[in-house]
**Q** 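Dropping a structure here in structure tokens format, bear with me for questions.
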Amino acid sequence: MSTAPITNIATIGQHVGEAVTLRGWLYNMRSSGKLLFPTFRDGSGTIQGIVPKAAVSEELFEALKNLTLESSVVVTGKVAAHPKQPDTFEIQVEDVTITQRVSDETPYPIQLKEAGVDFLMEHRHLWLRTPRQSAILRVRATIQRAAAEFFDTRDFVRTDPPILTPNACEGTSELFEMKYFDDDMAYLTQSGQLYIEATALALGKVYSFGPTFRAEKSKTRRHLTEFWMIEPEVAYLDLDGLMELAEGFLTHIVTRVLEAHRNDLKVIGKDVEKLEAVVAPGHFPRLSYDEAHQMLVDAHAKGLIENAHTYGDDFGSPDETYISNQFDKPVMVHRYPAEVKAFYMQPDPKDPTKALCVDVLAPEGYGEIIGGSQRVDSYDLLKSRIEAHNLPMEAFQWYLDLRKYGSVPHSGFGMGIERCVAWVCGLEHVRETIPFPRTLNRIYP
RNA sequence: UCCUGAGUAGCUCAAUGGCAGAGCAUUCGGCUGUUAACCGAAGGGUUGUAGGUUCGAGUCCUACCUCAGGAGCCA
């Protein structure tokens, strides 16, 4: 075996003129008579190899010529600039060890050509190998790291809430239910918020980051039944401070993605200028519910949206799309009517019919990626809200305790990682943002 | 839950109610700079399931199944 240093494809440009070893898979094969052009991938990228018949042994040439796609290989060869494509490299193959050859009887099922959603999802474990899917997962990892890093470097303490809970956090959406030993029922968490309100009052500034579950029968490009959420919660923070936090947070994430993933974004097909506009100088626009409503009324009058928005109702998907399309940065819509929002949101002292809450709408019609609010800090008000929403009072005793012992104004938000990734990458559907998406009709593979 | 659409070769799709087709993939052959290479050949089908109409159904009708898009709800 060769002694050439092991390298990866992403950084292979540093080794032009040198012999290197790549460990990966056969991604594609083209040939032209006595020239082979195998394309290899190694998880960090793809590179074309070139194999003239005269340059290698007869056995190796034949073995390579008949090699099946996605067979695993260790390749040794000299790195050279691509003769036709600028900033691209190729490897002049000298030796190949086949780690495992894909059988002729069971060829790799996923073609390089287009395929349908059902087929790809059924083969998600293999679909992940395509350059686009790999690029998306790299961007996702950076978004997750940047999101945690933003809070870690600002003295937030990460506190992980439970995943098994005894009751609905918000008393709203459908929960996944399971038996908890003999007599009790448990539910998969739909948000860690209530629990991190407790840790925020212990530690000041906290965040949680983990999976959440919704048993909603939603069948759209924005919904998964299992998704990841990052949620900060801060004592003594008001709504304005929360909006500043959200703005800095998203700016940081997009900055990190632009630093590290211009190539990946190109593979994915995202227009990088759209992201550069997000981090350009200037604040994210802030719009009150009333202003947003007026915007929709005007748009309907001009025939720009189909359905008139009724004052007092939440915004529908088409409404959010219209509003976000008016700006090239994320839009923060605040102070919704309290009636359409959750029971724990603090009323606006200037207009108690409004809640001190904010939804951040991503550009390009990606909809709500962040939802947050200032929380009710009065014991009596919270108790009456729990009653008004017909929630089981005994389950919320601990939550009420937080208002009994040193209650303070506090605020927090939650961001769904998958929607953020879909927006940053410009994807049609959130199912591509997570390795193994869980949707209404699919839990395999 | 509701609305809409789609199920035909391994994949992506054609086929006026009248012989089941193409491209890609696979196998075989050709080609010394190919770019989802190209050229030639071969194999590959219970047309989602069950009924019905008809001389004849992939095509029309009914029910069901599966998937997708949207609404509602949400991140």
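All of these numbers come straight from a predicted model, not from anything done at the bench. First the proteins, then the strands, lettered A, B, ... as listed; each starts at 1.
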**Q** Rounded to whole angstroms, how far apart are CG on A/Asp104 and P on B/C28?
**A** 7 Å
**Q** Quote, to the nearest angstrom, the P distance that separates B/G23 from B/A63.
**A** 39 Å
**Q** Please give the nucleotide sitting opposite B/U16 as a Watson-Crick or G-U wobble pair, both distances under 3.5 Å, or none.
**A** none
**Q** Under a 3.5 Å cut-off for both distances, is B/G45 Watson-Crick or wobble paired, and to whom?
**A** none
**Q** Quick one: A/Gln193 CD to B/A75 P, roughly how many Å, whole number?
**A** 9 Å
**Q** Taking a pair as Watson-Crick or G-U wobble with both distances under 3.5 Å, which nucleotide is matched to B/U32?
**A** none
**Q** Going by heavy atoms in the side chains, are A/Glu368 and A/Arg222 under 4.5 Å from each other?
**A** no
**Q** To the nearest angstrom, how far is A/Arg41 atom CZ from B/U35 atom P?
**A** 22 Å
**Q** Nearest of B/C74, B/A75, B/C24 to any side-chain atom of A/Gln111?
**A** B/C24
**Q** May I have the distance from A/Leu440 (atom CG) to B/G72 (atom C1'), rounded to whole angstrom?
**A** 14 Å
**Q** Can you see if the side chain of A/Arg30 gets near the phosphate of B/C39 - specifically, an N or O under 4.0 Å from OP1 or OP2?
**A** no
**Q** Of the candidate nucleotides B/U32, B/C74, B/C67, which contains the atom at the shortest distance from the side chain of A/Leu35?
**A** B/U32
**Q** Could you tell me the Watson-Crick or G-U partner of B/U53, where both distances fall under 3.5 Å? Say none if there is no partner.
**A** none
**Q** Starting at the 5' end of RNA chain B, which residue's closest nucleotide do you reach first, A/Ser31 or A/Thr68?
**A** A/Thr68
**Q** Base, sugar-phosphate or nothing for A/Leu224? Non-hydrogen atoms, less than 4.0 Å.
**A** base
**Q** Provide, to the nearest angstrom, the distance between the OH atom belonging to A/Tyr336 and the C1' atom belonging to B/A75.
**A** 13 Å
**Q** If only side-chain N and O atoms count, and only distance matters, is there a donor-acceptor pair under 3.5 Å linking A/His252 with A/Glu149?
**A** yes
**Q** Which one, B/A68, B/U32, B/C74, comes nearest to the side chain of A/Arg431?
**A** B/A68
**Q** Is the phosphate of B/A71 approached by A/Arg222 (side-chain N or O, under 4.0 Å from OP1 or OP2)?
**A** yes
**Q** B/U12, OP1 or OP2 - any side-chain N/O from A/Lys113 closer than 4.0 Å?
**A** no
**Q** With a non-hydrogen cut-off below 4.0 angstrom, is A/Lys53 in contact with a base, only sugar-phosphate, or nothing?
**A** nothing
**Q** Has A/Gln326 got more than 12 heavy atoms of other residues, nucleotides or ligands less than 6.0 Å from its CD?
**A** yes
**Q** With both distances under 3.5 Å as the test, what is the Watson-Crick or G-U wobble partner of B/U59?
**A** none
**Q** Could you tell me how far apart A/Asp313 (CG) and B/C73 (P) are, to the nearest whole angstrom?
**A** 8 Å
**Q** Under the 3.5 Å rule, do the base of B/C74 and the side chain of A/Ser218 count as making a donor-acceptor pair?
**A** no
**Q** Does the structure place the NZ or CZ of A/Arg154 under 6.0 Å from the centre of the six-membered ring of A/Phe150, at an angle of no more than 45° from the ring's axis?
**A** yes
**Q** Reckon A/Phe227 touches a base, only the sugar-phosphate, or nothing at all at heavy-atom distances under 4.0 Å?
**A** base
**Q** Which base, if any, makes a Watson-Crick or G-U wobble pair with B/A68, both distances under 3.5 Å?
**A** B/U4
**Q** Salt-bridge test for A/Arg286 and A/Glu247: reply yes if a basic N is under 4.0 Å from a carboxylate O, no otherwise.
**A** yes
**Q** How many whole angstroms separate atom CD of A/Glu105 from atom P of B/G10?
**A** 16 Å
**Q** Closest to the A/Asp118 side chain: B/C67, B/C11, B/U35?
**A** B/C67
**Q** With no angle test and no hydrogens, is the base of B/C74 tied to the side chain of A/Glu368 by a donor-acceptor pair under 3.5 Å?
**A** no
**Q** Can you check the A/Glu339 CD to B/C73 P distance for me, whole Å?
**A** 14 Å
**Q** Looking for any heavy atom pair under 4.0 Å, which part of the strands does A/Gly367 touch: base, sugar-phosphate only, or nothing?
**A** nothing
**Q** So, are A/Glu432 and A/Arg124 salt-bridged, with charged N and O less than 4.0 Å apart?
**A** no
**Q** What is the nucleic acid contact for A/Ile110, judged by heavy atoms within less than 4.0 Å: base, sugar-phosphate only, or nothing?
**A** nothing
**Q** Cation-pi check, A/Lys329 to A/Phe284: give yes when NZ or CZ is under 6.0 Å from the six-membered ring centre and within 45° of the ring axis, no otherwise.
**A** no
**Q** Does A/Gln48 reach a base, just sugar-phosphate, or nothing at all? Heavy atoms under 4.0 Å.
**A** base
**Q** For B/C73, which nucleotide in any strand shown is its Watson-Crick or wobble partner with both distances under 3.5 Å?
**A** none
**Q** Could you check which of B/U1, B/C74, B/U32 has an atom nearest any side-chain atom of A/Arg419?
**A** B/C74
**Q** Relative to the 5' end of RNA chain B, which residue comes earlier, A/Pro83 or A/Val430, by the nucleotide with the nearest heavy atom?
**A** A/Pro83
**Q** Looking only at side chains, do A/Thr433 and A/Arg431 share a donor and an acceptor under 3.5 Å apart?
**A** no
**Q** Looking at A/Asn28, I'd like to know whether one of its side-chain N or O atoms comes within less than 4.0 Å of OP1 or OP2 on B/U35.
**A** no
**Q** With hydrogens left out and only the distance checked, is there a donor-acceptor pair under 3.5 Å joining A/Glu90's side chain and the base of B/G33?
**A** yes
**Q** B/G69 phosphate, OP1 or OP2: any side-chain N/O from A/His429 under 4.0 angstrom?
**A** yes
